[in-house]
Amino acid sequence: MPRNIQQFSEERYKSVVRLSNTGVWEYHSDSQYLLCSPEYFEMLGMDVRDYPMDGRANLKETWLELLHPEDCEPAAQRFLDYLKRGSPGMYENYFRMKHSNGKWLWIWSRGQTLRNVDGSFSDLKVGIHINITERKLAEDALYESEEKLIALFDAMTEIVVLYEVVFDEAGKPVNYRITDCNAAFTNNVGITHDFAVGKLATEVY
């Protein structure tokens, strides 16, 4: 590749990384060395110059010690399992890492193993870290909201049953199928929620 084209590609790659706030990492399994881009630490409010990047084993300082205590063991085990399987396919992991302000960020980590010229897997794994904290918080808030609605639904003393209309081949409505119901209904009829949902009204009443 001509040098000017190569330089253009490298500059474009670096620009995309900076603008997307995506941290890039390279793991050398032969030496257990994790090479991290400046953005890897910047998203955590940290400076890459404060971490050992001299080619020696540093996985503990650059990753493991920054993980949430609850995520450290499962995240490390998932990465170890990927290495033990011979590193085929895509590596994917989710975990929390500590920001310099004391908050925890949700990180989506993805990577894969590069191949040698002969097609065999090399010792080099490359990947990215993506900050998905906002998306994760939104998902958790939605889940909590749904849980509250379900609890409220079941706490109602009035019987509530949701149906969908069932049509025959001619398009004529012939029955109703239960799509949801509350505890007041199941207790009154003497059935479970799992039994009721999906049943035709004529099968329940």
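Note that the structure is predicted; figures quoted are calculated from it, not measured.
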Stepwise side-chain contact (heavy atoms from CB on, under 4.5 Å) check, Lys98 with Leu66:
CA-CA 6 Å; Lys98 193 170 186 177; Leu66 301 177; 5.5 Å; no

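Considering CD of Gln112 and CE of Met90, their distance stands at 5.0 Å, rounded to 0.5 Å. Asn131 contributes atom CG, which lies 5.0 Å from atom CD1 of Ile107 (distance to the nearest 0.5 angstrom). The structure places CG of Asn175 at 8.0 Å from CD of Glu203, a figure rounded to the nearest 0.5 Å. Atom CD1 of Ile191 and atom CG of Asp194 lie 10.5 Å apart (nearest 0.5 Å). Note that the CG atom of Leu34 and the OG1 atom of Thr62 stand 4.0 Å from one another [nearest 0.5 Å].
A donor-acceptor distance shorter than 3.5 angstrom exists from the side chain of Asn182 to the backbone of Phe185, with no hydrogens or angles considered. When atom types are taken as modelled, the side chain of Asp168 and the backbone of Gly171 share a donor-acceptor pair closer than 3.5 angstrom. Side-chain N or O atoms of Ser29 include one that pairs as donor or acceptor with a backbone N or O of Asp123 at under 3.5 Å.
Within a 6.0 Å sphere centred on CD of Gln32, heavy atoms belonging to other residues, nucleotides or ligands number 12 at most.
Residues Arg110 and Glu92 approach most closely at NE-OE2, 3.7 Å, considering heavy atoms. Across every non-hydrogen atom of Ala75 and Leu67, the tightest pair is CB-CD1, 4.1 Å. Closest heavy-atom contact between Thr157 and Ala184: O-CB, 3.6 Å. Residues Pro52 and Asn58 come closest through the heavy atom pair O-ND2, 2.8 Å.
For the pair Glu39/Val24, no side-chain contact is recorded, criterion being any heavy-atom separation below 4.5 Å from C-beta on. The closest side-chain heavy-atom distance from Val165 to Phe167 is below 4.5 Å. Side-chain contact check for Val161 versus Ile159: some heavy-atom pair is nearer than 4.5 Å. Between His129 and Phe95 there is a side-chain heavy-atom pair separated by less than 4.5 Å. Residues Trp63 and Tyr40 are in side-chain contact: their nearest non-hydrogen atoms beyond the backbone lie under 4.5 Å apart. Taking the side chain as every heavy atom from C-beta outward, Arg49 and Phe41 never approach each other to under 4.5 Å. Contact check for Met53 versus Val48: side-chain heavy atoms found under the 4.5 Å cut-off. A heavy-atom distance below 4.5 Å is found between the side chains of Thr186 and Cys181.
Annotation: cation-pi geometry not satisfied between Lys84 and Tyr82 (NZ/CZ under 6.0 angstrom from ring centroid, within 45° of ring axis).
Cluster annotation: Ile128 is connected to Trp108 through the hydrophobic network of ILVMFWY side chains, with a link wherever side-chain heavy atoms come within less than 4.5 Å. Note: the hydrophobic cluster containing Ile178 also contains Phe195 (ILVMFWY, side chain heavy atoms under 4.5 Å, direct or indirect links).
With sequence neighbours excluded, no residue satisfies ring pair (Phe, Tyr, Trp, His ring centres under 6.0 Å) with His193.
Hydrophobic clustering, defined by side-chain heavy atoms of Ile, Leu, Val, Met, Phe, Trp and Tyr closer than 4.5 Å, groups Val174 together with Val166, Leu200.
The pair Arg96-Glu70 meets the salt-bridge criterion, with a side-chain N (NZ, NE, NH1 or NH2) lying under 4.0 Å from an Asp/Glu carboxylate O.
The aromatic rings of Tyr91 and Trp25 stand perpendicular to each other, their planes meeting at an angle above 60°, with 30° marking the opposite boundary.
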